[in-house]
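Notes follow once the structure below has been shown.
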Amino acid sequence: MNLLNITDLGPDGVLKVLKLSRRPIKKLAKPLKGQGVALIFEKPSNRTRHSVEVAVVQLGGHPVYTRGEEVGFDVREPVEDIGRIMAGYHAIIAARVFKHSVCDRLAAVSSVPVINMLSDHSHPLQGLADALTMVDEFGSLDDRTVAWVGDYNNVARSLGEVCAYLGAHLRFGCPAGYDVPADELARFEALGAKSVVQTSDPKAAVDGAHAVHTDTWVSMGQEAEKAERLQIFGAYGVTTELMARADSEAIFMHCLPAYRGYEVAVDVIDGAASRVIEQGHNRLHSARGALAYLMGVR
Ligand code: CP
Ligand code: NVA
């Protein structure tokens, strides 16, 4: 099995990964003992690289980090040759890529699990940490309202999938052209979301919400669109005034890295409602849970 999207886990798999994420390390029985895990990065990373490397070590394995240009997907050799070769060295192949299709192609030829460590389409490891953080906070996401403000991007898609599985109400406040396609809205409902609302008004999106999420307006690979995006998203920053419309106990979340003064105000991200550091730390626990699950631990 692979982890290219949250939907590869299904609702039961998500619950099991969240449970494994909180299981003491010594009770996980070192499922990667004596084995390698390939970590290939076409883009920069702090949280993902460090959390997955440490999680591999905690499970008894050896992480091998490689920059994207060293393996050269479709430059130095075809993705399929890389996937087949690495599957002979490693228990798991994990990759952070520009094009999601590279993950699909690795998975199509690999005899070992493939993990998407962020693509242009999704960021499932982030979605698991987001869910773990909210479940820690609220006990469960059933009937809770999770709001996303800003760009409907890779992080938003994985968040939507995991929250839908956990029975949350979903609200998306995104500008036209950067919002959730209609078939995606329907898909979230089919996955189990209690309700799904899309609006171009960020105030309506966060009204009474229990968790307010956002992310950068300029994802990696979109740098050429920066000036245009800063204009389009200007009214979508999460400010203290916006947070005041959420539930009185609402938390603020952001996958990081954050751009203070753009998608989030300093007072919000560094304020009492912010859970971004816990969320970042949960990247380690949820990565360990996900790796253990992929190695067959139940
Ligand atoms: N949130 C996240 O994936 O961070 P990095 O890009 O630092 O890995
Ligand atoms: N949406 C961002 C997330 C970074 C962790 C990006 O893709 O750059």
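None of these values were measured; they are calculated from a predicted model. Remember, it's 1-based here, ligands and their atoms both numbered in the order they're listed. Only this structure's heavy atoms are used, side chains among them; waters, hydrogens and symmetry mates stay out.
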Asp130/Gln279 under side chain to side chain donor-acceptor pair (under 3.5 Å): CA gap, chis, key distance, verdict | CA-CA 6 Å; Asp130 297 349; Gln279 186 182 359; 2.8 Å; yes
Which is closest to atom 6 (C) of ligand 2 in terms of heavy atoms, Cys255, Ser219, Pro257, Gly150?
->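 Result: the heavy atom closest to atom 6 (C) of ligand 2 is in Ser219.
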Would one find an N or O of Cys255, backbone or side chain, under 3.5 Å from an N or O of ligand 1?
-> yes
Heteroatom distance test (Arg283, ligand 1): nitrogen or oxygen, under 3.5 angstrom | yes
side-chain contact (heavy atoms from CB on, under 4.5 Å) evaluation trace for Leu170 with Glu189 = CA-CA 9 Å; Leu170 286 173; Glu189 279 193 4; over 6 Å; no
For atom 7 (O) of ligand 1, which protein heavy atom lies nearest, and how many Å away is it?
->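 For this ligand atom, the closest protein heavy atom is Asn46 N, 2.7 Å.
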Of all the non-hydrogen atoms in the protein, which one sits nearest to atom 8 (O) of ligand 2, and at what distance?
->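 Sorting protein heavy atoms by distance from atom 8 (O) of ligand 2 puts Met220 N, 2.7 Å first.
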Just distances here: any N/O of Asp215 and N/O of ligand 2 closer than 3.5 Å?
->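 Yes, Asp215 has an N/O under 3.5 Å of an N/O on ligand 2.
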Just distances here: any N/O of Asn154 and N/O of ligand 2 closer than 3.5 Å?
-> yes
Counting only heavy atoms, which portion of Leu118 has something under 4.0 Å from ligand 2: side chain, backbone, both, or neither?
->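 For Leu118, only side-chain atoms sit under 4.0 Å from ligand 2.
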Going by distance alone, is a donor N or O of one side chain under 3.5 Å from an acceptor N or O of the other, for Thr214 and His254?
-> no
Tell me, with the steps shown, if Tyr178 and Tyr236 meet ring pair (Phe, Tyr, Trp, His ring centres under 6.0 Å).
-> CA-CA 12 Å; Tyr178 299 84; Tyr236 288 81; 9.5 Å; no
Can you say whether the rings of Tyr152 and Phe172 are parallel (under 30°), tilted (30 to 60°) or perpendicular (over 60°)?
-> perpendicular
Parallel, tilted or perpendicular: which describes the rings of His100 and His121, with under 30° parallel and over 60° perpendicular?
-> tilted
Tell me, do Arg76 and Glu70 make a side-chain contact under 4.5 Å, heavy atoms counted?
-> no
Tell me, with the steps shown, if Asp183 and Arg187 meet side-chain contact (heavy atoms from CB on, under 4.5 Å).
-> CA-CA 6 Å; Asp183 57 341; Arg187 197 173 64 89; over 6 Å; no
Please state which part of [X] comes within less than 4.0 Å of ligand 1, counting heavy atoms only: side chain, backbone, both or neither.
X: His123; result: side chain
X: Arg96; result: side chain
X: Leu256; result: backbone

For ligand 2, which atoms sit closer than 4.0 Å to a heavy atom of Leu256?
->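 In order of numbering, the contacting atoms are 5 (C).
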